[in-house]
Amino acid sequence: MVDTKATLSIKGESDSAIDLDIRSGTVGPSVVDIAPLSKNGYFTFDPGFVATASCESKITYIDGDAGTLLHRGYPIEQLAEKSDYLEVCYLLLNGELPNREEKEAFDRTVRYHTMLNDNIADFYRGFRYDAHPMAMMCATVGAMSSFYHDSLDINDPESRQVATFRLISKMPTLAAMSYKHSIGQPSMYPRNELDYAENFLHMMFGNPCEETNVNPILADAMDKIFILHADHEQNASTSTVRLAGSSGANPFACIAAGIATLWGPSHGGANEAVLRMLGEIGDISNVEAAVKRAKDKDDAFRLMGFGHRVYKNFDPRAKVLKKSCDQVLGELGINDPLLDIARKLEEIALEDSYFIDKKLYPNVDFYSGIILQALGIPLSMFTVIFAIGRTVGWIAHWNEMLSEPYKIGRPRQLYTGHAIRDYRDIEQR
Ligand code: ACO
């Protein structure tokens, strides 16, 4: 909705006032529509997109100052407590919570598309025995486009829907296969009578020689982790998926691009980095020294799992996970010295003026790393689990973009290199 206008006048050019529409959303800050600037010979400059809305969206809303996260209007705390992952998937994709029949039909479709084309297993044989599972995920999800030709037509909503189900259903299967490859065990076939999180744990921890019994406490905690990672509006990986999709790339290629972006330690790789950091700190007695290093401008060390581009308050997902973390550890009777280090770190950082002034709170990765460790998930799988949960968010945004008129994403730049100059022959250089 266009509310009002802003006028930009360029200093020294009094007759150069440019009128810009100010558009407001349902909630949250309004945006200045700067598209007319380019016709006047100007671009805006905003490295890292700190003040740029790259699109219009109806899926997720975050208020970073208040620590609020809403999916289609529903607070994440309520979804984590009352819903399950596949219901949240339905909500993100369709805009409304499903009724009973819709939920049953959706769950059934996801459950019955878990198996992969068997030739995909051959890819794993080509990876080195110690390949990182995220490397295998980037490759095999991208390679799905060479198998599922009937879901590559991005202009056909039905084809997009088939790709959506394939991706959500098969991500846990691919993820578990990459883990099994890295430990030299045979892959497990999915069991469609199990629910989403149970099936993933069965494929991760089961083996063909015996019946798997998935602990329901672990399955519940895993489902919650998937819910809490399902979407987070225009973060780096989602923006990557949108950008890749804007060129007309196929869904599997776009999601592979999202997985690649998620892998970085400033994004999804942080949950793995948290545990590595706790291991390096090694003992409670070293926590104060680590906090001191994190505050030192001349030291590149940062407290992994602290701070967030958008949240300048407690990450609401971290609050839910902190509670579930205490619950799961209590129920499983786990006593891990790394967890004591984590608790001490949290306590010191939350009282330190450096972290308070910069509004650096523990983020979702801080607690998800701890809880995944408690669930017995190997470190190298932490970011893969984030990718499983986030797949639905990536697809929901990709689909939203393709359902409306869209343009290829093409940012501009402030060029500070050489102006035009003549080529010099090699003897003259
Ligand atoms: N430890 C110590 N200092 C920090 C930390 C940290 N974890 N995070 C930010 N700061 C400091 C910066 O040094 C900077 O200080 P300055 O203003 O004196 O220069 C200030 O806080 C602002 O930090 P920026 O890096 O400018 O903030 P930005 O919004 O660009 O970065 C980010 C956010 C990348 C998440 C950052 O906080 C970080 O690196 N955190 C650790 C990694 C992490 O946990 N990432 C997970 C993010 S959540 C997710 O992807 C699900």
Side-chain angles (χ1 to χ4, degrees), residues 46-52 60 62 64-65 67 69 71 76 80 134 224-241 258-278 280-281 287-322 341-342 345-373 379 382-394 397:
D46 182 23
F49 301 108
V50 291
T52 296
T60 289
I62 302 173
D65 292 325
L69 168 60
H71 291 323
I76 190 67
M134 280 299 275
K224 204 158 275 177
I225 286 179
F226 289 147
I227 294 178
L228 294 171
H229 288 88
D231 189 42
H232 214 226
E233 53 117 309
Q234 312 309 324
N235 56 84
S237 55
T238 304
S239 300
T240 302
V241 171
I259 294 172
T261 308
L262 186 75
W263 195 1
S266 297
H267 192 7
N271 52 17
E272 188 176 332
V274 168
L275 262 287
R276 290 196 198 285
M277 174 192 74
L278 295 177
E280 278 160 25
I281 294 175
V287 169
E288 293 209 21
V291 172
K292 203 164 157 211
R293 273 190 70 196
K295 297 193 292 186
D296 182 354
K297 275 240 161 284
D298 301 322
D299 192 328
F301 176 77
R302 282 187 167 194
L303 285 191
M304 299 316 287
F306 278 77
H308 195 276
R309 166 58 62 77
V310 181
Y311 292 119
K312 302 302 169 196
N313 199 326
F314 234 99
D315 179 338
R317 301 167 301 169
K319 269 194 197 158
V320 175
L321 267 191
K322 181 175 158 58
I341 299 176
L345 194 62
E346 180 197 15
E347 188 187 303
I348 296 184
L350 286 175
E351 284 173 1
D352 191 295
S353 60
Y354 172 94
F355 291 87
I356 294 170
D357 295 347
K358 293 186 190 302
K359 300 187 172 161
L360 299 170
Y361 293 87
N363 57 47
V364 68
D365 290 315
F366 187 69
Y367 298 106
S368 67
I370 298 170
I371 206 166
L372 288 171
Q373 156 106 350
L379 202 58
F382 286 14
T383 315
V384 175
I385 284 167
F386 192 154
I388 298 175
R390 183 55 55 86
T391 296
V392 68
W394 291 329
H397 284 271

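We're numbering straight along the sequence, starting at 1. Values in this document were obtained by computation on a predicted structure and should not be read as measured data. In each ligand, atom 1 is the first atom listed, and ligand 1 is the first ligand listed.
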May I ask you to test the Glu346-Lys322 pair for a side-chain heavy-atom distance under 4.5 Å? yes
Could you go step by step and tell me if Leu278 and Leu345 meet the side-chain contact (heavy atoms from CB on, under 4.5 Å) rule? CA-CA 9 Å; Leu278 295 177; Leu345 194 62; 4.1 Å; yes
Can you give me every donor-acceptor pair (side chain of residues 352-362, partner residue at least two apart or in another chain, under 3.5 Å) with its distance?
| from | atom 1 | to | atom 2 | distance (Å) |
| --- | --- | --- | --- | --- |
| Asp352 | OD1 | Lys295 | NZ | 3.4 |
| Asp352 | OD1 | Tyr354 | N | 2.8 |
| Asp352 | OD2 | Lys295 | NZ | 2.8 |

Determine, step by step, whether His232 and Val364 satisfy the side-chain contact (heavy atoms from CB on, under 4.5 Å) criterion, reporting the C-alpha distance in whole Å, the side-chain angles of both residues, the deciding distance to 0.1 Å, and the verdict. CA-CA 11 Å; His232 214 226; Val364 68; over 6 Å; no
Determine the minimum heavy-atom distance between Asp365 and Ala270, stating which atoms define it. OD2-CB, 3.5 Å
Between Arg302 (side chain only) and Gly307 (backbone N and O only), is there a donor and an acceptor less than 3.5 Å apart? no
Measure from every N or O atom of ligand 1 to the protein's N or O atoms and keep only the pairs below 3.5 Å, writing each with atom names and distance to 0.1 Å.
| from | atom 1 | to | atom 2 | distance (Å) |
| --- | --- | --- | --- | --- |
| ligand 1 | 1 (N) | Leu303 | N | 3.1 |
| ligand 1 | 3 (N) | Tyr354 | OH | 3.0 |
| ligand 1 | 7 (N) | Leu303 | O | 2.7 |
| ligand 1 | 7 (N) | Phe306 | O | 3.0 |
| ligand 1 | 13 (O) | Arg302 | NH2 | 3.3 |
| ligand 1 | 18 (O) | Lys297 | NZ | 2.6 |
| ligand 1 | 18 (O) | Lys358 | NZ | 2.8 |
| ligand 1 | 19 (O) | Lys297 | NZ | 3.0 |
| ligand 1 | 25 (O) | Arg302 | NH1 | 3.1 |
| ligand 1 | 25 (O) | Arg302 | NH2 | 2.9 |
| ligand 1 | 29 (O) | Arg309 | NE | 2.9 |
| ligand 1 | 30 (O) | Arg309 | NH2 | 3.0 |
| ligand 1 | 39 (O) | Arg302 | NH1 | 2.8 |
| ligand 1 | 40 (N) | Phe306 | O | 2.9 |
| ligand 1 | 44 (O) | Gly305 | N | 2.8 |
| ligand 1 | 44 (O) | Asn363 | ND2 | 3.0 |
| ligand 1 | 45 (N) | Ser266 | O | 3.4 |
| ligand 1 | 50 (O) | His267 | O | 3.3 |
| ligand 1 | 50 (O) | His267 | ND1 | 3.1 |

